[in-house]
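Reading through the structure tokens given below for one structure.
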There are 2 protein chains.
Amino acid sequence: MTAATSAPADPHGPVAEPRRRVGRPAAAVLDQNGITTAALQLIGKSGYDGFTMAALARTLNVAPSALYNHVSSKRDVLVLVQDHLTSFVDVAAFEAGPWEQAVRDWAWSYRDVFSKHTPLIPVIAVLPVADAPKTLAMYEAVSAGFLRAGFPQERIVPAIVAFESFIFGSAYDVTAPADIFDSGTMAASTPHFTSAVQRLAEGSHEKPADVAFSLGLEALLAGLGALRAA
Amino acid sequence: MTAATSAPADPHGPVAEPRRRVGRPAAAVLDQNGITTAALQLIGKSGYDGFTMAALARTLNVAPSALYNHVSSKRDVLVLVQDHLTSFVDVAAFEAGPWEQAVRDWAWSYRDVFSKHTPLIPVIAVLPVADAPKTLAMYEAVSAGFLRAGFPQERIVPAIVAFESFIFGSAYDVTAPADIFDSGTMAASTPHFTSAVQRLAEGSHEKPADVAFSLGLEALLAGLGALRAA
DNA sequence: CATTTTAAATGAACGGCATTCATTTAGTGG
DNA sequence: CCACTAAATGAATGCCGTTCATTTAAAATG
């Protein structure tokens, strides 16, 4: 979708300089963009276990060491992938719609994108935004939406962080096995929990992770929405 | 070998299970308990980067391969550590106090314990409770408290999961660098976000992670607390 | 055009990692 | 006393990310 393009003609853009006018370099077989899309494809095909620098190099028909001319570490590649994925997070509704629905769209799409990429979460969570331009653009769109909705400025960042923390934790939850709450042989010694799990299973046909996410998200929406000015 | 698995004088014999005289195999040098506490000590001293099977074996004066008689993988050790740490999470108030304060105590202590052990979060989040008895005991205490507070049974597990997701995400947030939101050279193109970050910095002396955690936790408490029967 | 410069690619290393396995050791139970 | 077995050994395996001296070839220089 639209998401987070923006960044109007940034002069010192850190990414994507396809060709050099002033000259030194030579032929270009590899660049950060190609590495990023190849990495994303490889992860899609082989998962994060199969995602190695050697495997990545192989899909690009290149020696592993060649990657290090464009990227300084495997973590660097993960940062590129993370930033790329963030552009799939839906922030469109922050420009026009009501705040609650904008947050819902954003939160669900954010969770859905990264529930398939949970190994990136430890990377995102501590990554300076300056190293991830598309992520920064997402924050700008969300901040603008919060401001438009009447949030006091000093509460905007903590509120976004609270939502994000919930989203990241919930992304892990999506990947949990269905029988994660099965107490097995110890069920007898945990009666309250065991019966609560039973009632859950008897409940709706919705996926448990979705029920919990909806419940928590609506609670956060109500509680944090109250911070807005009248 | 020469009767010397390295320097005989080990400056820090941390743990000790019954030790046999000669350096050769004997009975009971190692068990899961000793491995768990040694792992915890090692992690405390060297962090998760320094936590390797070889390093763990060294602190136990044992060959790395010996560990595999008691543990089937490194992940197994992490599970043991995780379960041990969970016993430091405070669930006492669920037995008697008001529900809100019990959840506060639980959530803050849960976050504090695992903010120093974020590499365990991907393990916990997907681990069947049957493999972690102390974790299961925590869920039993929390479930009992929710039930006592008037929660309908079918909402207990989703509510706990929502809290937990927020807690895990917030644990990462604690570890983020202080300048994570510094936009650097791109500040000009993200005015709303940049000014929100500025207002944050001007704000209270509380740690940003604590402000966000408190904000989100209180919102969840209000929103989810409303699910209780009158 | 010849020469210099330089980014990019190569392939052979390196050290570290988790894990496996044949073997050895020493207590234990028949 | 002997057979059995749990537990520790150390060597070996196969990956992994990363480094580095070297080569390649296109552009810049004059």
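All chains are named by letter (A, B, ...) in the order of the sequence lines, taking the proteins before the strands, and each is independently numbered beginning at 1.
With sequence neighbours excluded, the residues satisfying side chain to side chain donor-acceptor pair (under 3.5 Å) with A:Tyr172 are B:Tyr172. Under the ring-ring contact (aromatic ring centres under 6.0 Å, His included) criterion, B:Phe163 pairs with no residue at all, not counting sequence neighbours.
Rounding to whole angstrom units, CG of residue B:Asn61 and C1' of D:dA7 are separated by 16 Å. Atom CD1 in B:Ile35 sits roughly 9 Å away from atom P in D:dA8 (whole-Å rounding). Note: CG (B:Leu67) to C1' (C:dT20) measures 14 Å, nearest angstrom. Protein atom CG of B:Asp76 is 13 Å distant from nucleotide atom C1' of C:dT19, rounded to whole Å. The distance between atom CG of A:Asp31 and atom P of C:dA9, rounded to the nearest whole Å, is 9 Å.
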Pair A:His117-A:Tyr48, ring-ring contact (aromatic ring centres under 6.0 Å, His included): steps then yes or no: CA-CA 8 Å; A:His117 297 272; A:Tyr48 280 88; 5.8 Å; yes
side-chain hydrogen bond (donor to acceptor under 3.5 Å, both in side chains) between A:Gln82 and A:Thr86, worked out: CA-CA 6 Å; A:Gln82 181 270 316; A:Thr86 298; 2.9 Å; yes
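Between A:Ile124 and A:Phe114 there is a side-chain heavy-atom pair separated by less than 4.5 Å. Between A:Ser109 and A:Phe88, the closest side-chain pair of non-hydrogen atoms is not below 4.5 Å.
Residue A:His70 places none of its side-chain N or O atoms closer than 4.0 Å to OP1 or OP2 of C:dA7.
At distances below 3.5 Å, not a single donor-acceptor pair connects side-chain atoms of A:Glu140 with backbone N or O atoms of B:Ser189. Using modelled atom types, no side-chain atom of B:Asp76 and backbone atom of B:Val71 make a donor-acceptor pair closer than 3.5 Å. No donor-acceptor pair closer than 3.5 Å links the side chain of A:Thr118 to the backbone N or O of A:Ser115.
Atom NZ of B:Lys134 is surrounded by more than 12 heavy atoms from other residues, nucleotides or ligands within 6.0 Å.
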Distances for protein N or O near nucleotides 3-5 of chain D N or O, under 3.5 Å:
none

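Sequence neighbours left out, the pairs with a member in residues 103-113 of chain A that pass salt bridge (charged side-chain N to carboxylate O under 4.0 Å, His left out) are A:Arg104-A:Glu218, A:Arg111-A:Asp210.
Within residues 119-127 of chain A, no residue has any heavy atom under 4.0 Å from DNA chain D.
A donor-acceptor contact under 3.5 Å is formed by the side chain of B:Asn69 with the base of D:dA8.
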Summary of protein contacts for nucleotides 13-18 of chain D, nucleotide by nucleotide, where a base hit scores B, a sugar-phosphate-only hit scores S (4.0 Å, heavy atoms): ---SSB
